[in-house]
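Fair warning: this is a prediction, and the values are worked out from it, not measured in the lab. Remember, it's 1-based here, ligands and their atoms both numbered in the order they're listed.
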Amino acid sequence: VSAPSHGVRVELGERSYDVCVGAGLLDDLASKLTALGAVTSVMLVTNPTVRALYGATVEQAIEPVSGKPPLVIEIRDGERFKNLATLESIYDTALDAGVDRGTLLIALGGGVVGDLAGFAAATLLRGIRVAMLPTTLLAQVDASVGGKTGVNRRQGKNLVGAFHQPSLVLADTLTLATLPAREYRAGLAEVVKYGMILDSDLFALLETRIDDVTAADATLMTEIVARSVELKAGIVERDETESGLRAVLNFGHTVGHAIEQATGYTRYLHGEAVAIGMVAAVGVSVAVGNCDPSLGRRLEKLLAALGLEK
Ligand code: NAD
Ligand code: GLY
């Protein structure tokens, strides 16, 4: 009996794609990749941490798709390596190996791997296909969906990049089991964000199932990740390049980014800073009379229960 899984279609005309969410889905990778059509070769971008955990499964699934083992490009693990130097190393390895327009790039990892590999795919040969295999909660509910790619500069995060939609996203919720607890909690902040801005039922689900959420129950998390992706897809479909509406996804991020920058990106994980930012944003809304104070209290209580208090 296979575990429950969900498919979310992101409708963007010729750039439409499926986001598959489920426990154990990496085992179905070969068939999902085959459905993308012919590929001349596959390049896998990952980092040593994630490769040690999931590399063998993924590399095995890729081989029959292109008839040869993938070219594996390992990048260093950490936000500080999300830069042009790493991007150049991806370009050079790919070009030396003879990448062509039929090459499929696969990103296996969290948001850092996804943003870098996505930007490489957007720019190599003016654009090749990319499939995202997100392995952090943050990447499953947010970074892997919507086509934002890029790198950091000393002036700030994500200041150089491109919109480049993936051809497939496959989020295996079993991978969350190996995630460090702090990274998992930080990802939950983005789920709380969706509950606050778009879905009071999702917010209430988090409140009532706090123990299962904290324990990363695979069935519940499949439901929660899929719902989050649906919500994000609904926004991206209406405002792909953030001319207005998509900015709603930045709820809590104004103060959150300021906190990250003021503390040199070392003290808080992104989701932790966003949690503080959401409380601050609701505080302002309450102060100007745009929000019921009880919502602020519920938000703080939920974040504290998830281990995201200041
Ligand atoms: P990350 O990619 O740095 O991953 C966090 C850590 O977890 C890393 O050390 C990684 O190696 C490790 N890891 C990944 N999967 C694992 C697993 N299953 N088991 C054990 N360890 C695992 O961080 P992140 O939070 O995934 O992503 C943050 C990045 O995402 C930031 O650069 C941010 O700007 C970007 N982002 C992009 C978007 C977008 O729309 N493109 C949206 C949100 C965030
Ligand atoms: N993470 C916000 C967005 O994708 O727009």
Side-chain angles (χ1 to χ4, degrees), residues 10 26 45-55 57-58 74-83 86 107-119 121-122 130 132-153 156-166 169 171-191 193-194 197 216 221 228-229 231-254 256-257 260-261 265 268-274:
V10 184
L26 279 181
V45 178
T46 187
N47 72 27
T49 313
V50 180
R51 188 179 186 189
L53 292 163
Y54 306 107
T57 306
V58 170
E74 263 192 24
I75 60 174
R76 293 166 84 183
D77 187 357
E79 181 75 36
R80 67 187 184 287
F81 300 111
K82 200 176 110 177
N83 58 27
T86 305
L108 172 69
V112 168
V113 167
D115 279 13
L116 268 163
F119 191 32
V130 62
M132 295 284 178
L133 308 181
T135 59
T136 65
L137 182 56
L138 183 121
Q140 295 189 352
V141 299
D142 189 356
S144 65
V145 178
K148 280 188 182 177
T149 72
V151 295
N152 303 328
R153 299 292 294 156
K157 279 183 69 177
N158 302 323
L159 292 181
V160 176
F163 286 97
H164 184 65
Q165 298 295 341
V169 181
D172 185 339
T173 47
L174 284 188
T175 62
L176 302 177
T178 54
L179 204 55
R182 191 177 168 200
E183 295 288 349
Y184 180 70
R185 281 198 299 271
L188 286 174
E190 299 286 354
V191 180
K193 176 192 81 177
Y194 291 122
I197 59 176
M221 287 317 292
S228 300
V229 169
L231 293 166
K232 180 161 184 180
I235 298 291
V236 169
E237 284 169 355
R238 287 186 281 160
D239 180 18
E240 186 181 3
T241 54
E242 200 172 297
S243 54
L245 176 71
R246 187 165 174 170
V248 73
L249 299 175
N250 298 334
F251 171 61
H253 284 56
T254 309
H257 278 150
E260 285 182 278
Q261 202 165 15
Y265 296 98
Y268 296 100
L269 295 177
H270 177 67
E272 294 169 341
V274 167

V151 versus N158: any side-chain heavy-atom pair under 4.5 Å? no
Donor-acceptor pair, T149 side chain versus A162 backbone, under 3.5 Å? yes
For ligand 1, what are the residues with a heavy-atom contact below 4.0 Å? N47, T49, V50, L53, Y54, D77, E79, K82, G110, G111, V112, D115, T135, T136, L138, D142, A143, K148, K157, N158, T175, T178, L179, P180, E183, K232
Less than 4.0 Å is my threshold; does some heavy atom of E242 fall inside it relative to ligand 2? yes
Does a side chain donor of either T46 or Y54 reach within less than 3.5 Å of an acceptor in the other side chain? no
Nearest 0.5 angstrom please: T173 OG1 to M221 CE, how far? 8.0 Å
Ignoring hydrogens and geometry beyond distance, is a side-chain donor-acceptor pair present between T86 and N83 at under 3.5 Å? yes
With a heavy-atom distance limit of 4.0 Å, tell me whether D142 approaches ligand 2 through its side chain, its backbone, both, or neither. side chain
Within-cut-off N or O pair, K148 and ligand 2, under 3.5 Å: yes
Of the protein's non-hydrogen atoms, which lies at the shortest distance from atom 5 (O) of ligand 2, and what is that distance? R246 NE, 2.7 Å
Between the side chains of N152 and E79, does any donor sit under 3.5 Å from an acceptor? yes
Look at E260 together with K157 and state whether they make a salt bridge at an N to O cut-off of under 4.0 Å. yes
Check the surroundings of atom CZ in R76: do more than 12 heavy atoms from other residues, nucleotides or ligands lie under 6.0 Å from it? no
So is H253 close enough to ligand 2, meaning a heavy atom under 4.0 angstrom away? no
